[in-house]
Amino acid sequence: MAVYILSEGSGPGSLVPPHLTRIPISLLSPGINCTNKTVKGKVIHKGPLVRVEADDFILKTVIKEDDAMESVCSQKTSINIVIFGALAESFSHRVSTGDVVLLSGFTVGKSPTANKDKLHPCNLLLSGDDACVYVSKQKPPHPRSPLVSKRSSLISAEGSRMVKAPKYTYVRLDELKNESVVNVYGVVVFFKQPFKSRGTDYCSSLKITDQSEHKVGCTIFCERLEDHPKIFHTGDIVRMHRVKVKIYNNSLTLVNTSGFSVVTFHGTVGGAVEPRTSSKTFHFDEDDRRTVEELRSWAASQTLLPSVSAAVPLSAVQPSAYFDLTCQLLAKATVDTTCTLLRVWDGTRCPHPLLKVIVDPNVTEGPSSFSKQKESLIANVLVYDNHVEFARQLKPGAFLRIYNLRAILGSTKVPGLTCSQPVEVGHLAFHLHGGTSYGRGIRVLPENSPDVQEVKRVMEEFLQEQDDEFPELNDSELVWSTPPEFLDGEAVDCQTVKTCRHQLQPVTLSQVKQSDAGQVHHVRVQLRSYEPHRLHQALKLFCSRCTSIQDIPDDELVAAIFSEASKCSEAYSPPPWALSGHVDLAGDTSGAQQLSRSVHISTKLMTEGKTDQLIFLMGCTLEETCHLAATYQNIVPVSSSGGQLALLDLSVPFLFRGRKRYYGCKRCSEAALREPSTEGMQMIDEKIIAEALGVQLLQLVLLMKLELQDATDTLDVFLWKHAGHWVRGWVQPGQVTTPS
DNA sequence: GTTTAGGATTGG
């Protein structure tokens with residue numbers, strides 16, 4: 001996830017990975033496969049940055065496709081974009097109206113405002129790690145100025161458009177001067193994944209070289225793991241800014257200094273120049289691209305450099321050898337305090353029999369059993385000591401590279417839980433020994449990395465073969481990559497097989513349909529389909545009075561209603577029980593003018609000293625309301641209507657409590673502004689406020705629809721409340737299941 | 001604005 005600012009003349013194409021293909025905005029429709037797709041357009045509207053939590057943001061923008069592809073003239077070429085999280089914050093700071101952006105890693109939704117704004121019927125949602133914005137600055141925001149701040153790399157990256165960029169110079173590795181602070185490029189010949197130092201930071205150790213053939217060791221200390229070089233292979237290219245040359249043991253070394261930043265590239269000649277960095281913006285121009293490509297081809301010609309990778313698939317593992325393994329984590333189990341078992345596969349079959357490790361399902365995260373076919377491909381990896389802590393953070397489903405793994409013929413005893421089982425002589429076990437020698441460690445690889453793509457391809461081949469050979473298995477666990485989830489603090493079981501304990505005789509679906517309501521049945525059926533496919537879409541609002549279920553209103557819609565209400569400036573008289581005043585919209589540091597909004601509070605609450613426990617807030621946008629929700633425990637948005645104060649339409653939350661929003665049922669509420677009675681109450685909660693306001697409170701529930709079939713009929717089944725949660729974890733379309 | 005580590009395997 002990043003906003004990449006591209007420098008002058010490079011156009012938004014130069015950093016964009018080549019596997020991405022652009023689709024015209026007019027062709028976007030819900031349900032379209034957006035994997036590896038991009039959309040390009042000019043920013044014609046940029047909304048405010050909406051803070052939804054301390055560290056979470058939403059921003060809405062509109063882009064218009066304004067190049068040749070517009071020939072489809074009657075089509076909608078302007079589209080709403082909703083950006084979430086840190087990317088929204090970054091976008092807000094880095095992108096201006098008029099810039100041309102290229103977006104990737106988005107999903108397509110239905111635009112709730114299409115009727116109103118007449119824009120594209122869809123909107124694009126950008127969130128998560130895959131979302132990227134490539135920005136091409138179109139106009140200098142200020143006239144040419146010599147006073148460009150050089151405070152940080154971020155500014156100079158932006159500045160690259162304002163002034164002729166304060167161009168970085170890179171020092172060759174044979175020209176390093178002791179005590180100087182330099183920028184360097186190099187090819188990685190050795191590296192260790194970051195490991196915890198005895199001090200406050202993680203430490204990365206690497207060695208790089210360049211055309212000068214000098215090899216220089218580098219030591220990087222950073223507190224945050226993401227700020228470390230993202231090195232996956234020897235042969236990767238790194239660019240480091242602001243490293244200091246020091247002497248250790250008569251050799252020059254490089255150590256990071258303040259303002260340090262690093263970008264890493266894959267080392268394959270001809271491969272995509274895809275930057276890996278935690279820097280939200282960075283300078284990158286044609287010269288940089290050329291440097292990367294020159295280093296790649298130089299390295300390829302050097303026979304003395306370590307082979308590009310020690311990577312070996314399970315199918316080529318030699319007993320006793322050390323190697324790097326790229327694999328997917330399927331399950332893990334704690335063995336003891338110094339040892340954790342990782343169950344992994346890479347889709348290939350190891351020619352040696354693999355050690356079987358029996359572990360207690362209670363200490364296993366992820367499925368505790370797999371199909372026989374798949375089980376035969378799974379390698380048991382025992383990781384020790386310092387790697388245990390890192391393994392703790394791994395989630396089943398993740399793609400990993402394990403460095404300096406050792407294949408050991410199973411004559412050694414497996415520790416902990418497995419000590420009672422007979423030792424399987426001649427079976428291969430895999431050990432990641434303690435320490436960091438030879439770069440020992442584990443790294444999570446991003447899903448889009450070429451290595452992961454390759455492993456996935458091999459896995460899919462295997463799955464296809466299984467499907468052809470044993471179609472009856474239709475092994476659902478094979479597509480599983482959902483870690484166990486939590487609901488109300490309790491872990492939810494994600495097992496592939498559930499055993500029904502009911503004693504009922506199964507009946508057919510046609511028998512179910514013919515029988516009277518209210519009976520309990522037991523059926524054996526096939527799942528034809530289910531919806532929604534995304535768990536968050538299963539979250540609905542439920543009215544316990546009229547038993548209606550509705551969708552949670554889209555934020556765009558909620559924001560629009562707030563915005564309409566905030567423009568209304570009709571005269572009104574506040575209710576007699578209310579005291580009126582103003583609240584400042586703090587936090588707006590742009591400084592121009594301090595905004596304030598009208599608020600009303602209950603006189604009673606005021607006299608009880610509970611002034612900040614409940615406010616009735618007028619004329620605020622959704623963004624402002626969320627902002628104030630950090631300060632005031634309960635906020636009821638109001639507007640003037642017919643000379644009186646009234647609640648907003650119940651399409652929007654009637655109450656904001658911190659991060660939580662509460663909705664009322666339109667059908668069952670008789671909403672009116674009344675003073676809540678809170679005498680003797682310690683805490684004002686949503687129930688008290690809803691009751692006072694005549695609002696029928698809606699509850700959040702999970703709802704899923706399953707379409708079942710057997711030989712006799714089909715049946716739609718609704719699962720709701722907590723039931724909707726587990727079903728997604730273990731049932732896939734096509735699988736036979738036995739609900740009751 | 002300090003410190004950390006400073007490649008180099010035998011070990012369950």
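Side chains are part of it too, since the values below use all heavy atoms of this structure and drop only hydrogens, waters and symmetry mates. Order of the sequence lines fixes the chain letters, A, B, ..., with proteins taken first and strands second; residue numbering starts at 1 for each chain. None of the values given here were measured: they were computed from a predicted structure.
Between A:Glu293 and A:Arg290 no salt bridge is recorded (no basic side-chain N to carboxylate O distance below 4.0 Å).
The CG atom of A:Leu355 sits 14 Å away from the P atom of B:dG12 (whole-angstrom rounding). Atom OH in A:Tyr384 sits roughly 15 Å away from atom C1' in B:dT9 (whole-Å rounding). At whole-Å resolution of the value, CG in A:Asn256 and P in B:dG1 are 15 Å apart. For the pair A:Asp324 CG and B:dT9 C1', the computed distance is 14 Å after rounding to whole Å. To the nearest angstrom, P of B:dT10 lies 15 Å from NE2 of A:His431. Between the CD1 atom of A:Ile220 and the P atom of B:dT3 there is a distance of 17 Å, rounded to whole Å. One interatomic measurement links the two molecules: CD1 of A:Ile402 to P of B:dT9, which rounds to 21 Å at whole-angstrom precision. Computed from coordinates, the A:Leu382 CG to B:dG12 P distance equals 12 Å when rounded to whole Å.
The listed nucleotides are B:dT3, B:dT9, B:dG11; the one nearest the side chain of A:Asp201 is B:dT3. Each of B:dG11, B:dG6, B:dT3 was ranked by its minimum atom distance to the side chain of A:Phe195; first place goes to B:dG6. Of the listed nucleotides (B:dT9, B:dG7, B:dA5), B:dA5 has the atom at the smallest distance from the side chain of A:Phe221.
Aromatic ring centres of A:Tyr322 and A:His431: separated by at least 6.0 Å. In this structure, A:Phe323 has its ring center no closer than 6.0 Å to that of A:Tyr403. A ring-centre distance under 6.0 Å is found for A:Trp345 and A:Phe462. Checked against the 6.0 Å centroid threshold, A:His233 and A:His266 count as a close aromatic pair.
Here A:Asn404 lies in heavy-atom contact (under 4.0 Å) with a base. A:Lys207 comes within 4.0 angstrom of a nucleotide base, judged by non-hydrogen atoms across all strands. Among the protein residues, A:Thr200 comes within range of the nucleic acid bases, having at least one heavy atom under 4.0 Å from a base atom. Counting any heavy atom pair closer than 4.0 Å across all strands shown, A:Gly434 reaches a base atom.
With hydrogens and angles ignored, no donor-acceptor pair under 3.5 angstrom links the side chain of A:Tyr438 to the base of B:dT9. With hydrogens and angles left out, the side chain of A:Asp385 and the base of B:dG11 share no donor-acceptor pair within 3.5 Å.
For the pair A:Arg406 and B:dG11, the criterion of a side-chain N or O lying under 4.0 Å from OP1 or OP2 is not met. Look at A:Ser197 and you won't find any side-chain N or O under 4.0 angstrom from OP1 or OP2 of B:dA5. OP1 or OP2 of B:dA8 sits under 4.0 Å from a side-chain N or O of A:Lys192.
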Could you pull out every donor-acceptor pair under 3.5 Å between side chains of residues 206-222 of chain A and any protein atom, sequence neighbours left out?
| residue | atom | partner | partner atom | Å |
| --- | --- | --- | --- | --- |
| A:Thr209 | OG1 | A:His214 | O | 2.9 |
| A:Asp210 | OD1 | A:Ser212 | N | 2.9 |
| A:Asp210 | OD1 | A:Ser212 | OG | 2.5 |
| A:Asp210 | OD2 | A:Leu173 | N | 3.0 |
| A:Ser212 | OG | A:His214 | N | 3.3 |

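Remark on DNA chain B: of its neighbouring residues A:Ser437 and A:Tyr322, the 5'-side contact belongs to A:Ser437, judged by nearest-heavy-atom nucleotide.
B:dT10 and B:dG6 have their C1' atoms separated by 23 Å, given to the nearest Å.
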